[in-house]
Amino acid sequence: EAGVAQSPRYKIIEKRQSVAFWCNPISGHATLYWYQQILGQGPKLLIQFQNNGVVDDSQLPKDRFSAERLKGVDSTLKIQPAKLEDSAVYLCASSLGWGGFYNEQFFGPGTRLTVL
Amino acid sequence: AQRVTQPEKLLSVFKGAPVELKCNYSYSGSPELFWYVQYSRQRLQLLLRHISRESIKGFTADLNKGETSFHLKKPFAQEEDSAMYYCAPIHRWGAQKLVFGQGTRLTINP
């Protein structure tokens with residue numbers, strides 16, 4: 001069954017380098033989320049898109065992180081420049097919509113980033 | 001501030017024993033509450049939501065608004081229940097932003 005796709009699955013970079021992650025949500029899902037999960041912690045929402053508009057990016061470190069969702073489908077999350085503390089698993093999730101009754105979020109496999 | 005506390009990082013019980021994973025929350029308004037689970041080498045997935053009042057894989061969770069708790073329970077643990085469990089409240093309306101607890105790693109010993 002088709003689920004949320006993410007690539008790459010693993011990435012190792014040195015600090016101050018740049019990195020980008022890609023996410024393809026479930027077909028027809030209007031809402032897309034990016035979470036950061038640091039080892040030993042629960043996922044933390046970085047940014048939420050409704051179609052191609054940003055709903056919430058209050059926890060996105062905007063000095064180094066950026067995200068876009070052109071055409072309201074795929075999304076990319078970029079870090080530039082990376083810091084050691086950015087080492088984490090980056091999860092993408094999607095849901096049918098937002099507002100009203102809760103729309104279940106479906107998660108991708110994640111991208112494990114190691115910053116050396 | 002929205003806060004979710006799962007006091008046990010690790011929980012180990014024997015197969016057939018009862019299991020209770022604790023979750024306490026501090027959240028404005030009347031949130032909906034969920035338990036998410038991540039089995040080894042699998043994706044994070046929804047286990048159950050309090051509004052459904054359902055039992056999934058033998059698990060139930062009761063919302064106690066007075067104690068602001070949403071503990072997950074199962075009377076007889078199975079080995080396949082070994083996983084990472086996350087409690088997460090959400091606003092009923094609007095942006096539906098999940099706030100995850102730190103998680104509890106449950107290990108069921110044979």
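To find a chain, count down the sequence lines: A is the first, B the second, and so on, and within it residues start at 1. Owing to the predicted nature of the structure, the values given are computational and were not obtained by experimental measurement.
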Colleague: Taking every heavy-atom pair that is under 4.5 Å apart, which of P109(A), A93(A), P43(A) has the most such pairs with chain B?
Modeller: P43(A)
Colleague: Indicate yes or no for a side-chain donor-acceptor contact from R43(B) to the backbone of V4(A) under 3.5 Å, with no hydrogens or angles considered.
Modeller: yes
Colleague: Under 4.5 Å heavy-atom distance to chain B, tell me which part of Y35(A) shows up: side chain, backbone, both or neither.
Modeller: side chain
Colleague: Give the cluster check for F21(A) versus V89(A): same hydrophobic cluster or not, with ILVMFWY residues linked at side-chain heavy-atom distances below 4.5 Å.
Modeller: no
Colleague: In the single-linkage hydrophobic clustering (I, L, V, M, F, W, Y; side-chain heavy atoms under 4.5 Å), do L21(B) and L33(B) co-cluster?
Modeller: yes
Colleague: Check each atom of Q6(A) against the heavy atoms of chain B and say whether the ones under 4.5 Å are side chain, backbone, both or neither.
Modeller: neither
Colleague: Determine whether I90(B) and F100(B) fall in the same hydrophobic cluster, where Ile, Leu, Val, Met, Phe, Trp and Tyr are linked whenever their side-chain heavy atoms lie under 4.5 Å apart.
Modeller: yes
Colleague: Does atom CD of Q80(A) have more than 12 heavy-atom neighbours, drawn from other residues, nucleotides or ligands, at distances under 6.0 Å?
Modeller: no
Colleague: Would you say M84(B) and L44(B) are hydrophobically clustered, going by side-chain heavy atoms of ILVMFWY under 4.5 Å?
Modeller: yes
Colleague: Calculate, to the nearest 0.5 Å, the distance between atoms OH and CG belonging to Y33(A) and L98(B) respectively.
Modeller: 7.0 Å
Colleague: Which value, rounded to the nearest 0.5 Å, describes the distance between Y36(B) atom OH and Q105(A) atom CD?
Modeller: 5.0 Å
